[in-house]
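Encoded as structure tokens, the structure appears first; notes follow it.
Position 1 is the first residue of the sequence; numbering continues from there. Everything numeric here is computed off the predicted structure, so don't read it as measured data.
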Amino acid sequence: MPEALLLTNEPATCAQSFAEYEAEGGFQALRDVLRQRNPEWVREQVELARLRGRGGASFPTARKWTLAAQTEAKQRYAIANGGEHEPGSSKDKYLVAFYPHKVLEGLLLCAFATGASIAWVYLIEDMETQILAVERALAELEAEGLTGNRILGSEFSCEIRVHRAPPTYVAGEETAAIDSIEGGEGKPREKPPYPGQAGLHAMPTTVNNVETLAHVPGILRMGGDAFADIGTEQSTGSLLFTLGEGVERPGVYELPFGSTYRQLIDDCGGGLANGRRLRALLPALSCAFLRPEQLDTPISYESLAELGTSPGCGGVQLWFEDEDVVAKTLEIATFFQREQCGQCPPCNMGNAQYLNILLAVSEGRPGDFEGAIRNVAGFIKGRGRCSLISMATTPLLSALELFGEDFRARAQR
């Protein structure tokens, strides 16, 4: 795989040490930047790379960085968001636990590029393995003079702290992360202003997913143009995927954009386990389904958008022919109803309605459940402080379209 990509796709067993990371070129980018580059050059390379956020929203990274860097302020902050709490996704946990220095170098480069002097690694409080890995890595960096005041004798200073966030799904949203660091409950805030304008303590704050940041050192080592040559025109570089128990070799794998889900399942996962037959694939919990005949579609934002879906955060779920799709859809609705924070009436009401309608279907109570779900979806679309209600709606509407006969049969029994 190209040098800029993150993993070897061989199962990791322990956290990579500073010496191991340095031996493969780690911190070369940071040393070179502090010796001979300026923040604008770093932002330009990230823009040339066309790097997009890997947390699921796919927002252009350079645009975030530029907003924070160009907003007048006495203080700026940077946050590496590892608040992964989505069922079926463990790629952020894997990356932080086994490759913490990749994340930390990316965070330092982000701080340099945006003018931040304090940075946070944002993790869920029950991520004990990840917290320990980061704390050990930070101790190594401190011993090497790579954090704190005047790093490597340069004018750049950056203190890195670890934050333990509440174990809720919404706490992973970028403004919720800011709220939690400030001592709040970890609930999303209204936008605008955006974090790059007024985030932590009302100062410009750059929040990036840990996988996004882990790509930055490789981008600077090889150059943004070279990184952009990996993948597709609009989806550059690679993506980490989580494969669960439905394949022979479950785990976290990396593939360049432009690869296919069939390659992911067969080449990385070793094929479907126990001779089971696939009925549908959910690219991530908040996405729309793909049918088995669509598994050869190139994985990219543009290709999947044509099919009404997205790669999301890469937490792939496989749905099989021997499974109860009504029950599994009900599980998704239950998750979103449980994890919504209760701030926004449309989200609170919408998720409760989805759950009640699906419970009625699962219990065999007849009625126009399809019309009811679509009415709710139309009313709540785009409302709320974050995108949770839209994330809950997308897989539900997709399930109705793909598994409509199953739902109708259950409701009429």
Side-chain angles (χ1 to χ4, degrees), residues 15 53-57 61 64-65 68 73 75-86 89-112 114-142 146-148 157-189 191 194-196 198-214 216 313 339 341 343 385-386:
R54 299 302 198 253
T61 303
K64 271 191 177 184
W65 289 19
Q75 175 73 57
R76 295 182 181 83
Y77 301 98
I79 300 172
N81 188 355
E84 183 178 49
H85 196 64
E86 179 170 315
S89 180
S90 59
K91 55 97 175 177
D92 291 341
K93 299 183 189 74
Y94 186 89
L95 184 60
V96 174
F98 297 114
Y99 302 95
H101 285 293
K102 292 182 187 288
V103 176
L104 292 175
E105 185 180 12
L107 179 57
L108 285 166
L109 289 164
C110 171
F112 176 80
T114 60
S117 58
I118 299 177
W120 300 86
V121 180
Y122 182 85
L123 299 171
I124 302 300
E125 63 186 12
D126 58 7
M127 293 180 178
E128 296 179 2
T129 299
Q130 289 73 21
I131 291 171
L132 182 59
V134 170
E135 288 179 339
R136 287 175 173 171
L138 284 174
E140 291 183 296
L141 292 195
E142 185 177 359
L146 289 168
T147 60
S157 299
C158 185
E159 175 188 350
I160 300 180
R161 305 170 183 175
V162 178
H163 180 77
R164 295 161 174 80
T168 59
Y169 181 62
V170 293
E173 193 269 344
E174 63 178 4
T175 63
I178 291 168
D179 183 65
S180 179
I181 292 173
E182 288 185 352
E185 297 180 37
K187 294 184 177 182
R189 298 175 174 179
K191 294 184 285 189
Y194 297 97
L200 189 60
H201 307 305
M203 295 291 121
T205 305
T206 306
V207 186
N208 287 127
N209 175 260
V210 294
E211 182 187 346
T212 310
L213 293 172
V216 175
C313 66
E339 295 297 330
C341 70
Q343 286 191 110
R385 292 187 174 186
C386 73

* Structure fact -> The reported gap from CG in L213 to CG in L109 (rounded to nearest 0.5 angstrom) is 9.0 Å
* side-chain hydrogen bond (donor to acceptor under 3.5 Å, both in side chains): which pairs involve residues 158-167, sequence neighbours left out? -> E135-R164, E159-R161, H163-S180
With a cut-off of 3.5 Å and sequence neighbours excluded, list every side-chain donor-acceptor pair involving residues 198-207.
from: T205; atom 1: OG1; to: L200; atom 2: N; distance (Å): 2.8
from: T205; atom 1: OG1; to: M203; atom 2: O; distance (Å): 2.9

* Asked: Looking only at heavy atoms, what is the nearest atom pair of C341 and V170, with distance?
  -> CB-CG2, 3.9 Å
With a 3.5 Å cut-off and sequence neighbours excluded, list the donor-acceptor pairs that the side chains of residues 116-130 form with protein atoms.
from: S117; atom 1: OG; to: Q75; atom 2: NE2; distance (Å): 2.7
from: Y122; atom 1: OH; to: A171; atom 2: O; distance (Å): 2.6
from: Q130; atom 1: NE2; to: K93; atom 2: O; distance (Å): 3.1

* Asked: Which atom names give the shortest non-hydrogen contact between T212 and R54, and what distance separates them?
  -> OG1-N, 2.8 Å
* For Y77, which residues count as a side-chain hydrogen bond (donor to acceptor under 3.5 Å, both in side chains) partner, sequence neighbours excluded? -> none
* Could you pull out the closest heavy-atom pair between L107 and A80, with the gap in Å? => CD1-N, 3.9 Å
* **Contacts of Y99 that satisfy ring pair (Phe, Tyr, Trp, His ring centres under 6.0 Å) - sequence neighbours left out** => none
* To do: Could you tell me which residues satisfy side-chain hydrogen bond (donor to acceptor under 3.5 Å, both in side chains) with E140, sequence neighbours excluded, listed by chain and number?
  => H101
* I160 vs L108 side-chain heavy atoms within contact, under 4.5 Å -> yes
* Residues in salt bridge (charged side-chain N to carboxylate O under 4.0 Å, His left out) with R136, at least two apart? -> none
* Structure fact -> For S89 and E84, the nearest pair of non-hydrogen atoms, with its separation, is OG-OE2, 2.6 Å
* For Y169 against E86, the heavy-atom pair lying closest together -> OH-OE1, 3.4 Å
* Indicate yes or no: at least one non-hydrogen side-chain atom of L146 is less than 4.5 angstrom from one of L104. => no
* What residues form a side-chain hydrogen bond (donor to acceptor under 3.5 Å, both in side chains) with E142, not counting sequence neighbours? -> none
* Set of residues satisfying side-chain hydrogen bond (donor to acceptor under 3.5 Å, both in side chains) with respect to N81, sequence neighbours excluded -> none
* Any side-chain heavy atom of P188 within less than 4.5 Å of one from Q343? -> yes
* Asked: Going by the salt bridge (charged side-chain N to carboxylate O under 4.0 Å, His left out) test, which pairs reach into residues 167-182, not counting sequence neighbours?
  -> K64-E174, E173-K191, E174-K191, D179-R189, E182-R189
* Asked: Can you name the ring pair (Phe, Tyr, Trp, His ring centres under 6.0 Å) partners of Y194, sequence neighbours left out?
  -> none
* Spacing of CG belonging to N209 relative to CD1 belonging to I79, to within rounding of 0.5 Å -> 13.0 Å
